[in-house]
Amino acid sequence: MATQATGVATVPRPAASLPAGLTLRNRQVLAKLGWGVVSVGLFVGIWEVLWLIGWADPKLLPPPHVFLGNIPDQARFFNTATRWQIGVNPADGPSPYEAVAITIGATSMRVFVGLAIAAVLSITIGVLIRYFGIFEKLVLPTITLLSPVSPIAWLPVAIFIFGIGNAPAIFMVVVALFFHMVLSTISQIDNVSRNFINVARTMGATKRQIYSRVIIPAILPQLLIVLRLNLFGAWMVVLVAESTGVGFGLGQVIMMARNTFNPSLVFFTIALIGLLGFLSDWLLRILQKRLLYWVPDTGGVLRGL
Amino acid sequence: MASDAYVAWSSQDAVVCRGVGKTWAEGTERAHEALRGIDLDIAPGEFVVLLGPSGCGKSTLLYLIAGLERQTGGRIWAFRDPVEGPSPDRSLIFQETSLFPWLTVWQNVSFGLSIRGAKEAERRAVAKEALQRVGLAEAMDKRPDELSGGMRQRVAVARALAMRPKVLLMDEPFAALDVQTRAKMQDFLLDVWRDSGASVLFVTHHIDEAIALADRVVVFTARPGRIKSIIPIALPRPRDPFSPEAEALRRQLTEELRSEVDRAFAEQEALAAE
């Protein structure tokens, strides 16, 4: 008994080389996070040095320690639509931090609602175009014609139709994504493997079944990638929509910062937007992994090069 | 034509082809004739191998019999009925893996049943039985990307078997597999074929594969594909690829094919020179 116990004790445990409680996966995540910090740190460092040696004028390009130094001071300018109304005491409303949270929430909501509407609408229209020949003839030329129009051109239309508030901003996001995503849906449908379709045909599937059981699951992976690529587009458009007085939000804060010549507020808002864009991309990536469990992760091939 | 129809009607054969031809993109500049004047009868339970150079139209004939494409000449009957579209009676197995990656193995195998609206319990039972026949019952709940190429083709065979087809159409199903796996899969296919009692129509350009499998080998000419000769193989299975009879067959089939491959090459060079 005793010899056996010592025998076990002398065997080196391979797990000892890893820090306790860290799986390989967690270490990869940590490493990724670490590199993110280093990358941002490098950028911030260069900026701070430029300020230190006097090349970056703090009145025009305030370095991060300045615009992040006094967050409550910046936060005063958020959610002004409700707090600065006539007859309302600015001190009565939400605290500055709450105001930032409300603004972020409002803008994010517009992005995600717009994204969801655009995705559902464009996939539906794209599938209908391929499913019904007559629908394609009636609709596709118009969609192709409108797809190169910049979303900015739709801004007046948004205001004409929806006035101010959430609706025009969401409309802008939808318009910015819809046309590309319809065309992308169609091209994905055309690229579905003939074999998949022929398998379903030999098993007696109807046209409807072929679309619902084969074509739609087959195109989903690519469509989610398209959606992710368009996410940043949605963030850009929503700011434009908000900055032209369609309500409150991060875009409105930037516009106010411009009008009041407040570079600190501009950079603070830009930092917030960057963080939000990153977080929402991360969320969508998780969604993609959950929803598309069958798509293999091919990133390793590139990393191996 | 009427007499052909009468032949098809009175025939006990699984598949009857009379004067079948196929011209792709007919009536346009790019038109090219893939098949011409194919007369071929396949008996129930018979194993027929279509052998020919690449691009000779032998796969086209398979697609026509499957009903996935329409012939531009002649007629095809399957069990007395004219072929007018795809049918679960005639299952096609493709060269590349054609399993749906978003479904598990058993869901893939029972896909045809789910199309007909069968209940899950029934689908699982049928899938299990079909997978047992290909020796993959324990892989029921795996996903296709977790399987090797040979296993995936076995699942594809199980998926075809689950439809209880009377004719199995196989389009170079083992072409993407390595030589050892391919030999195993040929043995496996012969077992499945004997169990199922279905006719098999098997396309390949491998002479050894034809010798290992076929009751009859149908040798195709280069484009347009026509039947050059039909060679019955009466050797008992399992066949020794190195027996004198197999050697003689190999020599004969190689001779038959050589002139066609030469012709196909000359034609491709002429096309490239245009």
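Each chain gets a letter, A, B and so on, in the order the sequences are listed, and its residues count up from 1. No experiment lies behind these values; they were computed from the predicted model shown.
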- Query: Between Pro101(B) and Phe196(A), which heavy-atom pair has the shortest distance, and what is it?
  - Reply: CD-CZ, 3.6 Å

- Message: Side chains of Phe111(B) and Arg213(A), heavy atoms from C-beta outward: is any pair under 4.5 Å?
- Response: yes

- Query: Roughly how far, to the nearest 0.5 Å, is the CD atom of Gln209(A) from the CD1 atom of Ile115(B)?
  - Reply: 4.0 Å

- Item | Atom NZ of Lys184(B): over 12 foreign heavy atoms under 6.0 Å | no

- Residues, nucleotides or ligands: over 12 heavy atoms within 6.0 Å of Met140(B) CE: yes

- Mind ranking Ala200(A), Pro221(A), Ala218(A) by heavy-atom pairs under 4.5 Å with chain B and telling me who comes out on top? Ala218(A)

- Does any non-hydrogen side-chain atom of Phe100(B) lie less than 4.5 Å from one of Ser193(A)? no

- Evaluate whether atom CZ of Arg164(B) has more than 12 neighbouring non-hydrogen atoms of other residues, nucleotides or ligands under 6.0 angstrom away. no

- May I ask you to test the Thr202(A)-Met163(B) pair for a side-chain heavy-atom distance under 4.5 Å? no

- Contact part of Leu99(B) toward chain A, heavy-atom cut-off under 4.5 Å: side chain, backbone, both or neither? backbone

- Looking only at non-hydrogen atoms, find the nearest pair between Trp102(B) and Pro217(A) and report the distance. CE2-CB, 3.4 Å

- Task: State, to 0.1 Å, how close Pro86(B) and Arg201(A) come at their nearest heavy-atom pair, and which atoms those are.
- Result: CB-O, 3.3 Å

- Segment of Arg90(B) engaging chain A (4.5 angstrom heavy-atom cut-off): backbone

- Message: Is it true that, when you exclude Phe278(A) itself, more than 12 heavy atoms of the residues, nucleotides or ligands shown sit nearer than 6.0 Å to its CZ?
- Response: no

